[in-house]
Amino acid sequence: MRTLTAFLFWAWAAFCADAAMTLLRGKDAWRREWSTETLRRSKRGWMWKQFFLQEEYTGSDYQYIGKLHSDMDRGDGTVMYVLTGEGAGTIFVIDANSGDLHATRSLDREEKPSYMLRAQAVNKKNGQPLEPETEFIVKLHDINDNEPKFEKEVYTASVPERSHTGTSVIQVTAHDADDEMFGLSAKLVYSISQGHPYFSVESNTGIIRTALGPSDMDREQREHYQVVIEAKDMAGQRGGLMGSTLVNITLTDVNDNPPQFVKSVYQFSVPELSQLGTKVGEVQTSDADIGPNAEMDYTVVGGDGLDVFSITVNKTTQNGILSIIKPLDYEKKKSYTLQVQVRNTHPDPRFVSVDAKDLTTVRINVEDEDEPPRFERPSYVMEVKEDAALGTAVGSVSAVDQDAHRNPVKYTIDRHTDVDRIFNVHAGNGSIFLQKPLDREDLAWHNVSVIAAEFNNPQQTSRVPVYIRVLDVNDNPPALASSYETFVCESAKSGQKIQTITAVDRDEPSGGHRFFFTLAPESSVKANFSVRDNGDNTADVYTQRTGFQRAQKSSHLVAVVISDGSFPVMSSTGTLTVRVCTCDRNGNMEACNAEALSGTAGLSTGALVAVLLCVLILLLIVVLFAALKRQKKKEPLIISKEDVRDNVVSYNDEGGGEEDTQAFDIGALRHPEVMEESSKLRRDVVPSDPPYPPATLLRRTAATSRDNSDVRNFITLRVQEHDSSPAAPPYDSLATYAYEGEGSVAESLSSLGSGTSESQHDYSYLNEWGPRFRKLADMYGADESEWDS
């Protein structure tokens, strides 16, 4: 038995030793070697799939991590270990012969917690891999090397004053970069190091709460608090790291204080002539609260000036502003006493009663001033008939001096409101009277202002508006509403209505207008037309006979008498024009006399075409007649002496002589018809046979000049008149030729270029000038018998 026990013991020991060696080579090798299916060993195996390394190593040598070994390594130096992956060759190095793995520098887990590496065994001689590449992990073991850090360096929070104990204020949060899964390095505990006894903090959550009761948390006593909160790792144990933050806590206001007046009695003074809305003074109050909790409402609750003064709140200072809402009168009341109340606009019933208020007394003295006269009424309304006689009293105004002296008052009318001076006022008693005639139809209302001033102090004035209504009287007769014009057909029957008329009246009777229409007794057409009053301020005009002849009488005038129904009765006569026209069987107008209305019935298409055709034929006849007359009659150059236009133009150089005659033709002074006739003569061809002898032509020209002395006198007289009158327009043109020019055949016709009386001249140029002199003679009306002379 002992032998069997010893055998089993040694067998178990061998098994454990073998298992331990297998663990040293790696779990995978152990699994391969001790498989339930087979008990034979695998060819190779690694020591570890995962290595652990402590962070923040402080040694001077490389930090040993572990040893890599393959079962292909027989220890003969033929195997070489190769390392690749994250940090291989820089952070991590391996001994190629032994497989020892080292870290070259200190590592930080918070920066990178693990590294993935790959290792392989290769033949040192040829570099061929002896087995596949295997991955493994190097993990860093955490140490407590990071203190807790809060999300903010400074927190800001607020909590209402008067809060109950334990009211949550704010939650602060800290974080620790150490590994939460390894030990207590990241286990935090919160505590308060500053802020006792007002606040506390929950150790696990970091929630800050109030620690005192409502009476101790009073904003009016202390408003701001600074609280320091600490967070410690290692669950607060000794040796843990710690971080802190600052929390600024403000107590917010609640309405826990009622307002109070600064004074129990206020005293103010105000002039009696102050305008409505004038500020009298301010009453001051105090309230320990702020913001909306300090807003106030003021009310005048008593005294003898409830309806004279009002109080409002100054939104900036929350003081009460007293103002005047009713005119003051020193002579009637010299002082007022008011009871003013103040309370919060938004009371909080949790702390102060909603009825909490404060009262104060306000005394107001009225100061005396010299005030202007005051009218008994704010305005006056008066009436007067439009036919009132001049000097008629319209009404009166009254004003009195309010001062104790009772100075007399003088009345005047503001002429800016009565420019035409239609009214006037008695200076002593304020009676308004008429001084110019009225016409309601021109202006029905007059608005004037009356000024009252003190005799002793004219600067003290007041004014009142006076509205004067002009009452209507029946002073305008009615008249036809328009100038009625209508037509009647030649084939009209007796009793046929041809027009409805109505009337207008500028007057405005109180009962409304009532017009009466009758045919005028003196009307010459009583047998042709009649007027029938419709009783509704209109009347109809009817025919009294059958058939009208346009050829005998083209129009009829119907006189109608229109009367009104007022007193005294006013009437007028209006005239209705009735045209006689040709109509079709339906009563539509076809043809009428030239004076017929364009607004009557239109012409038929056939009649319109016939009229247009007649007009065109007539125009054609007129044009032909004018053309024939123009051919037979030549108008003279000057029809009458009145047609002469006086323009005086002086030329120092005439120009190009003969060439100028082509540029300027005296025929341009004549009418277009004469110009047309004269243009038929050829100027570029010299006639072979002059119609008159040259000598005769010259004598004719001289005789004509002598016989037309009245023309020269007329021109001279006109030149003198217009020279002496600068306002007269320049009608006549007087050309003065000092030099004729060099283009003429005769070289010069003036005596300046002529020889002596004995010299012989060549008159051959007359062959060219003969027709032109004849033309001049025709213009001046000379006979052919005078040419020889």
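This one's a predicted model, so the numbers in the text were calculated from it and none came from an experiment. Note: hydrogens, waters and symmetry copies are ignored here, and every other heavy atom, side chains too, is used.
Taking the side chain as every heavy atom from C-beta outward, Asp368 and Glu272 approach each other to under 4.5 Å. Residues Leu276 and Pro327 meet the side-chain proximity criterion, which asks for heavy atoms closer than 4.5 Å. For the pair Pro160/Thr252, a side-chain contact is recorded, criterion being any heavy-atom separation below 4.5 Å from C-beta on. Under the 4.5 Å side-chain criterion, counting only non-hydrogen atoms from C-beta, Tyr115 is not in contact with Ile137. Using a 4.5 Å heavy-atom threshold, the side chains of Leu251 and Arg222 count as separate. Between Tyr198 and Ile192, the closest side-chain pair of non-hydrogen atoms is not below 4.5 Å. No side-chain heavy atom of Leu107 sits less than 4.5 Å from a side-chain heavy atom of Gln63. Asp253 places a side-chain heavy atom less than 4.5 Å from the side chain of Glu220.
Of the possible donor and acceptor atoms, one in the side chain of Gln460 sits under 3.5 Å from a partner among the backbone N and O of Asp370. Within the 3.5 Å criterion, the main-chain N or O of Gly243 finds no donor-acceptor partner in the side chain of Glu147. Counting only distance, with no hydrogens or angles, the side chain of Gln171 and the backbone of Thr205 share a donor-acceptor pair below 3.5 Å. Without hydrogens or angle criteria, Thr360 side chain to Ser264 main chain gives a donor-acceptor distance under 3.5 Å. Looking only at distances, no side-chain donor or acceptor of Thr299 sits under 3.5 Å from a matching main-chain atom of Val301. For the pair Ser323 (side chain) and Lys279 (backbone), a donor-acceptor distance under 3.5 Å is absent. Panel note: side chain Ser244, backbone Ile229; no donor-acceptor pair is recorded below 3.5 Å.
Using bins of under 30°, 30° to 60° and over 60° for the plane-to-plane angle, the ring pair Phe136/Phe51 lands in the perpendicular bin. The aromatic rings of Phe150 and Tyr190 sit tilted relative to each other, their planes meeting at an angle between 30° and 60°. A tilted orientation is assigned to the rings of His69 and Tyr81, their planes being inclined by 30° to 60°.
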Met217 vs Ser163, side-chain contact (heavy atoms from CB on, under 4.5 Å): CA-CA, chis, key distance, verdict:
CA-CA 7 Å; Met217 304 297 290; Ser163 296; 5.7 Å; no
Determine whether Thr285 and Asp358 satisfy the following criterion, side-chain contact (heavy atoms from CB on, under 4.5 Å), listing intermediate values before the conclusion.
CA-CA 9 Å; Thr285 55; Asp358 194 19; over 6 Å; no
Before you tell me yes or no, could you show the steps for Ser98 and Lys67 under side-chain contact (heavy atoms from CB on, under 4.5 Å), namely the whole-Å CA-CA distance, both residues' side-chain angles and the distance that decides it to 0.1 Å?
CA-CA 8 Å; Ser98 64; Lys67 187 179 183 65; 3.6 Å; yes
Between Tyr266 and Glu282, is a side-chain contact (heavy atoms from CB on, under 4.5 Å) present by the stated rule, with each step listed?
CA-CA 9 Å; Tyr266 289 87; Glu282 288 191 18; over 6 Å; no
Could you go step by step and tell me if Arg350 and Asp348 meet the salt bridge (Lys or Arg N to Asp or Glu O under 4.0 Å) rule?
CA-CA 5 Å; Arg350 297 177 301 169; Asp348 193 336; 2.9 Å; yes
Hey, mind stepping through Gln339 and Thr361 against side chain to side chain donor-acceptor pair (under 3.5 Å) and telling me if it holds?
CA-CA 5 Å; Gln339 292 293 323; Thr361 301; 3.1 Å; yes
Could you walk me through whether Asn319 and Asn314 pass the side chain to side chain donor-acceptor pair (under 3.5 Å) test, one step at a time?
CA-CA 5 Å; Asn319 292 334; Asn314 185 326; over 6 Å; no
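When the shell of 6.0 Å around CZ of Arg209 is examined, it contains more than 12 heavy atoms from other residues, nucleotides or ligands. Within a 6.0 Å radius of CD in Gln459, no more than 12 heavy atoms belonging to other residues, nucleotides or ligands are found. Heavy-atom contacts from other residues, nucleotides or ligands closer than 6.0 Å to NZ of Lys112 number more than 12. With a 6.0 Å radius and a threshold of 12 heavy atoms from other residues, nucleotides or ligands, Lys149 has its NZ atom at or below the threshold. Around the NZ atom of Lys124, the shell of radius 6.0 Å holds more than 12 heavy atoms that belong to other residues, nucleotides or ligands. Enclosure of atom NE2 in His196 by more than 12 non-hydrogen atoms of other residues, nucleotides or ligands within 6.0 angstrom is indicated. Applying the 6.0 Å contact sphere to NZ of Lys139 captures no more than 12 heavy atoms from other residues, nucleotides or ligands.
A donor atom on one side chain and an acceptor atom on the other are not found under 3.5 Å apart for Gln120 and Thr134. For the residue pair Asp287/Asn257, the side-chain donor-acceptor check at 3.5 Å is not satisfied.
To the nearest 0.5 Å, atoms NE2 (His224) and CZ (Arg219) are separated by 9.0 Å.
The two residues Met296 and Gln318 have their closest heavy-atom pair at N-OE1, 3.1 Å. Smallest separation of non-hydrogen atoms from Asn146 and Asp233: O-OD2, 3.3 Å.
Test Val122, Asn123, Leu130 against Met80 for side-chain contact (heavy atoms from CB on, under 4.5 Å) and you get one pass: Val122.
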